2 protein chains.
Amino acid sequence: MNPSLHSEDAIDEGLLWPATQHSAQQREAKRQAVLSAAAQLFNERGFHATSLDDIAARLGVSKPTLYYYVKNKEEILLGCVRQGLQLMLDGIEASRRDGGTALDQLTACMQVYARIVTQDFGMCLIRVGEEQISAPNRAELRRIKAEIDHEFRRLVAQGVEEGSLAPCDPKMTAFVIGGALSWIGRWYQPGGEYSPQEVAGHCLKTLLAGVLRR
Amino acid sequence: MNPSLHSEDAIDEGLLWPATQHSAQQREAKRQAVLSAAAQLFNERGFHATSLDDIAARLGVSKPTLYYYVKNKEEILLGCVRQGLQLMLDGIEASRRDGGTALDQLTACMQVYARIVTQDFGMCLIRVGEEQISAPNRAELRRIKAEIDHEFRRLVAQGVEEGSLAPCDPKMTAFVIGGALSWIGRWYQPGGEYSPQEVAGHCLKTLLAGVLRR
């Protein structure tokens with residue numbers, strides 16, 4: 001049996017994609033669909049309670065088909081978490097390009113972060129603990145997380161310098177901001193009482209202005 | 001073989017407790033030691049990467065001994081999470097008894113919460129996802145979590161009423177406060193750069209006063 005042909009046939013049977021000749025781009029799009037379905041399931045049931053059979057079933061394809069796109073469950077999780085992190089890096093980069101004061105940029109980054117953790121890959125990044133990922137890959141993920149954290153610290157420090165933010169320990173302030181926003185991903189239920197925009201709005205307001213009456 | 005005697009002998013071999021006659025109190029103290037060791041391991045390695053053998057090894061006892069105190073790993077996790085929640089309920093109750101304004105009580109509850117999530121059981125409550133726990137037990141844990149959440153909401157609403165807190169949506173404000181404080185448990189490394197008191201102090205200051213310059 002030709003595994004590549006088998007897989008292509010099987011995944012096309014799933015009616016997810018039209019039956020056309022193979023290309024790297026198409027393969028990547030299908031791999032992407034595998035990651036999306038997996039992220040949803042990990043978020044709903046947890047990483048350990050989700051099997052490759054569950055992922056295949058959600059996509060309407062056979063399990064051998066999945067192996068054409070991914071090696072195993074850890075690779076899938078790693079792909080999901082990488083995507084969540086990449087979305088954040090892209091959002092931060094876009095905020096930086098948009099320019100403005102440090103406070104403008106910090107606010108934009110907070111909005112990006114709050115939005116992404118309500119989406120499949122970002123939620124997966126928050127909900128699934130690092131201990132599911134093996135050491136070398138974990139180091140890579142930590143490096144990216146540190147990059148995001150440093151960007152928040154840099155903006156907080158710059159905000160203090162420009163006078164828009166109160167004097168503080170930028171490391172701890174970035175941590176409080178990141179923590180409160182990350183927690184959205186642990187708690188948020190799509191389709192619940194609040195829209196992602198409402199949650200982000202309330203969180204940003206509370207974090208920026210604080211709780212005490214002025 | 002008498003499993004109870006076997007277990008008692010084995011756990012005494014571990015030199016954790018003096019060899020004395022059995023009592024319910026002693027049994028509970030030993031069960032407590034099992035939970036403590038387990039919480040530390042779950043926090044260090046994750047729930048799934050920790051085996052009953054690991055827990056037994058950390059206590060210096062044999063695995064059959066553990067079965068005298070706990071049925072399985074889920075029961076251990078449930079015990080750890082229940083303790084984390086009970087510590088919070090006790091702390092909240094103590095803050096209430098101490099009285100003062102709603103802001104005083106809210107601040108005291110925040111301090112309690114921040115402290116507990118840097119300790120073994122509280123950290124376990126934060127780090128281990130609910131999906132490791134089966135449905136009926138999960139419902140019980142959610143009920144207790146909701147109780148804690150409602151206490152924060154009640155204090156926020158009362159703080160707005162007494163004029164110490166800015167007008168807000170108490171549900172969302174309680175969520176931001178709880179989220180930022182919970183995140184400490186995901187990130188905090190005992191023996192790291194900041195003491196639990198420093199972390200709590202910075203978080204409370206940032207959450208109460210906000211980030212913007214007044």
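All values derive from a computational prediction rather than experimental measurement. Chain letters run A, B, ... following the sequence lines, proteins first and then strands; every chain starts at 1.
- For chain B, the option among A:Thr206, A:Leu106, A:Val199, A:Leu208 with the highest count of heavy-atom pairs below 4.5 Å is A:Leu208.
- Contact count versus chain B (heavy atoms, under 4.5 Å) is highest, among A:Trp187, A:Phe175, A:Phe47, for A:Phe175.
- The residue among B:Ser164, B:Ala49, B:Pro167, B:Cys168 with the most heavy atom pairs within less than 4.5 Å of chain A is B:Ser164.
- In this structure, A:Tyr194 has its ring center at least 6.0 angstrom away from the ring center of A:Tyr188.
- Only the side chain of B:Leu103 has a heavy atom closer than 4.5 Å to any heavy atom of chain A.
- How far CZ of B:Arg153 is from OG1 of B:Thr173: 11.0 Å, rounded to the nearest 0.5 Å.
- Under a 4.0 Å N-O distance rule, the pair A:Arg31/A:Glu75 qualifies as a salt bridge.
- Paired with B:Val81 under the rule side-chain contact (heavy atoms from CB on, under 4.5 Å), one option of B:Leu125, B:Ile144, B:Asn137, B:Ile126 passes, and it is B:Leu125.
- Chain B forms more heavy-atom pairs under 4.5 Å with one residue of A:Glu198, A:Lys205, A:Glu193 than with any other, namely A:Glu193.
- Contact of the B:Ile76 side chain with the B:Tyr69 side chain is not registered, since no non-hydrogen atoms from C-beta on lie closer than 4.5 Å.
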